Amino acid sequence: MSLTSIILCMTIALIVGTTLAKPSDPQPVRTYNVDIDAPAEVRWSQVLADYQYMVPNILQDVRTLIPVDYIPLVEKIADDIETYISQPFAGELKAIAKAWDIDLGEIVLLNIIYDVTAFCTSIVAQDGNGTIWHVRNLDYYYGDLLRNLTIMVNFQRQGKTVYTATTYAGYVGIVSGQRPNAFTVTVNQRGHHVHVGYWWQNILIAIVDKNSHFVSFLVRQVLENSTTYNDAVDQLSTQIIHAPVYYIVGGINPGEGVVITRNRFAWVDKLYLNLPYRVWYVLETNYDNWSNPPPYDNQRRAVAKASMNKLGSDGVNKDSLYQVVSTKPVMNMNTTYTIVFSASQPEVYTSWIRWP
Ligand SMILES: *[C@@H]1O[C@H](CO)[C@@H](O)[C@H](O)[C@H]1NC(C)=O
Ligand SMILES: *[C@@H]1O[C@H](CO)[C@@H](O)[C@H](O)[C@H]1NC(C)=O
Ligand SMILES: *[C@@H]1O[C@H](CO)[C@@H](O)[C@H](O)[C@H]1NC(C)=O
Ligand SMILES: *[C@@H]1O[C@H](CO)[C@@H](O)[C@H](O)[C@H]1NC(C)=O
Ligand SMILES: *[C@@H]1O[C@H](CO)[C@@H](O)[C@H](O)[C@H]1NC(C)=O
């Protein structure tokens, strides 16, 4: 795999002057405005046109990942997409398939794959002034494709941003987003069941079941329609979803930060910031707070916690949080992007693509 991506290196080039950006330098993310009042058929047009050249790579990825046994079930979902997938998602998926001239089933699959297969680190922390900050790494096994597809999107109404996400071209859900002056939210995969047959089966059966949401579609729905931290936490805790995950939410007032541990039907645990008890940050990788990570991945959480403890709440700021998640192995071969954001200071929101 070649890591000589030059697509997104404008800011880096500015910073380093005449020196060329090394592939390992963090790279800024290309930003789009998507008008959510425009019809589903056209809202993604610019993104889809710009990333058309990636379609062969996307198809290769999808075909590598899907066990053939499940193709008939995927086709069933695609054939009757409005029954199984709610709006605006069904309409947007159809628009993507049309613009990219690929099977609807394949774009549905892509959206399923990225829905719940992300290994990550997410932290919500309160600084010495009571400001809430949120930082996240997104780790993914087949990371190069995702690095190439990573974009930032301002979802707008009448030219005003309603919410912002760091996401992928061709993907209509959200696993990292901000509703300005309200909340930030990230999704981390729960448990190590990726690429095991029953995992696919469970997801597809959940979709056919209809009453439940894609993990990441629920996040977008909440970003679009919940105006407060409390409502967002409520929705993310109680709506039925396709798979177990962690939702990590940061608010705008002191004490507003939580890791929601989810099974499909409801929350199993909520770990809140708790300043009177000196819990000034909550941190989630991919394991339940009350259990030990497996031996092959027991360092990400420990190292991130040690870095946060060393930092202390007075040390929290954009740069220091970026450093915490850039420490090995919190940052690792599979880390595809980093975000630092803070809902009460929406302009802080920055994402960087990370190359190994
Ligand atoms: C990602 O983009 C780089 C640079 O354009 C390219 O060399 C590489 O093949 C792409 N990889 C994938 C998996 O899309
Ligand atoms: C608190 O806010 C002040 C003023 O904005 C800033 O200079 C200081 O660095 C902040 N302190 C912390 C601990 O964030
Ligand atoms: C990264 O992904 C590979 C599979 O592509 C996996 O074997 C490896 O353990 C992962 N590394 C880390 C540090 O998570
Ligand atoms: C937000 O709510 C409106 C009105 O109920 C609905 O039409 C829209 O689809 C919702 N947005 C999302 C992303 O679910
Ligand atoms: C669970 O989270 C709390 C609050 O952040 C922390 O004090 C505790 O150490 C965590 N438990 C484990 C096993 O990491």
Side-chain angles (χ1 to χ4, degrees), residues 1-10 12 20-25 27 29-30 34-41 43-44 50-65 81-82 84-95 100 102 110-111 113-115 140-151 153-157 161-165 167-175 177-179 182-183 185 187 210-228 231-232 234-236 239-241 333-334 336-337 353-356:
M1 57 188 118
S2 154
L3 303 180
T4 50
S5 171
I6 50 160
I7 34 176
L8 303 166
C9 59
M10 46 287 185
I12 294 296
L20 277 177
K22 290 196 299 292
S24 58
D25 289 336
Q27 304 190 341
V29 177
R30 195 192 288 192
V34 165
D35 180 2
I36 47 179
D37 285 333
E41 292 68 44
R43 17 181 115 132
W44 292 102
D50 289 356
Y51 285 84
Q52 177 103 46
Y53 77 102
M54 287 294 298
V55 169
N57 300 13
I58 292 172
L59 290 181
Q60 197 188 350
D61 202 42
V62 169
R63 285 168 190 161
T64 312
L65 290 176
I81 191 165
E82 267 100 2
Y84 298 113
I85 298 182
S86 62
Q87 296 299 356
F89 307 106
E92 292 181 12
L93 291 169
K94 281 164 74 177
W100 281 354
I102 62 180
L110 180 85
N111 277 261
I113 292 168
Y114 298 158
D115 198 49
Y140 190 77
Y141 293 132
Y142 304 90
D144 273 10
L145 179 70
L146 282 193
R147 291 182 180 100
N148 287 352
L149 292 172
T150 300
I151 54 175
V153 177
N154 295 316
F155 292 85
Q156 299 187 322
R157 288 212 155 99
T161 296
V162 182
Y163 55 106
T164 301
T167 187
Y168 312 113
Y171 183 66
V172 299
I174 292 177
V175 295
Q178 165 179 281
R179 175 138 183 148
F183 57 91
V185 54
V187 181
K210 281 188 281 198
N211 286 322
S212 71
H213 300 267
F214 279 71
V215 164
S216 65
F217 292 4
L218 177 60
V219 173
R220 181 159 159 212
Q221 186 181 315
V222 164
L223 283 162
E224 193 162 306
N225 287 334
S226 288
T227 55
T228 64
D231 187 49
D234 238 37
Q235 298 294 326
L236 294 169
Q239 298 284 336
I240 300 175
I241 49 178
M333 290 278 294
N334 297 329
T336 63
Y337 68 68
I353 295 174
R354 313 299 299 266
W355 292 95

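When a ligand or atom number is given, it counts from 1 through the structure's own listing order. Because only heavy atoms are used, hydrogens play no part in the values below, and waters and symmetry mates are left out as well, while side chains stay in. Values in this document were obtained by computation on a predicted structure and should not be read as measured data. Starting from 1, each residue takes its place in the sequence as its number.
Counting only heavy atoms from C-beta outward, the side chains of Tyr168 and Met54 never approach each other to under 4.5 Å. Contact of the Gln52 side chain with the Trp100 side chain is registered, since non-hydrogen atoms from C-beta on lie closer than 4.5 Å. Put simply, the side chain of Phe183 reaches to within 4.5 Å of the side chain of Leu223, judged on heavy atoms. By the 4.5 Å heavy-atom criterion applied to side chains, Val175 and Thr167 are not counted as neighbours. Between Tyr51 and Ile58, every side-chain heavy-atom pair lies at or beyond the 4.5 Å cut-off.
Annotation: the span from Thr228 atom OG1 to Arg179 atom CZ amounts to 9.5 Å, rounded to 0.5 Å. With rounding to the nearest 0.5 angstrom, the OH atom of Tyr140 is 10.0 Å from the OG1 atom of Thr336.
Looking only at protein heavy atoms, the nearest one to atom 14 (O) of ligand 4 is Gln221 CG, 3.3 Å. Considering only non-hydrogen protein atoms, atom 11 (N) of ligand 4 sits nearest to Glu224 OE2, 3.0 Å. Of the protein's non-hydrogen atoms, the one nearest atom 3 (C) of ligand 4 is Asn225 ND2, 3.6 Å.
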Contacts under 3.5 angstrom, residues 85-95 side chains, donor-acceptor by atom type, not counting sequence neighbours:
unit_1, atom_1, unit_2, atom_2, d
Gln87, OE1, Gly91, N, 2.9
Glu92, OE1, Trp44, NE1, 2.8
Glu92, OE1, Arg220, NH1, 2.8
Glu92, OE2, Arg43, NH1, 2.4
Glu92, OE2, Arg220, NH2, 2.8
Lys94, NZ, Glu82, OE2, 2.9

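The protein does not reach atom 7 (O) of ligand 4 closely, with no heavy atom under 4.0 angstrom from it. Atom 1 (C) of ligand 4 lies below 4.0 Å from at least one non-hydrogen atom of the protein.
Residue Asn148 holds the heavy atom nearest to atom 12 (C) of ligand 1 of all those in Asp61, Leu146, Asn148.
With a 4.0 Å heavy-atom cut-off, ligand 1 is reached by the backbone of Leu145 and by its side chain too.
Set against the non-hydrogen atoms of Asn57, the atoms of ligand 1 under 4.0 Å away are 12 (C), 14 (O). Within ligand 4, the atoms closer than 4.0 Å to a non-hydrogen atom of Gln87 are 9 (O), numbered from 1 in the order shown.
Between Arg220 and ligand 4, a contact under 3.5 Å exists for no N or O pair.
Remark: distances from the non-hydrogen atoms of Met54 to ligand 1 include one below 4.0 Å.
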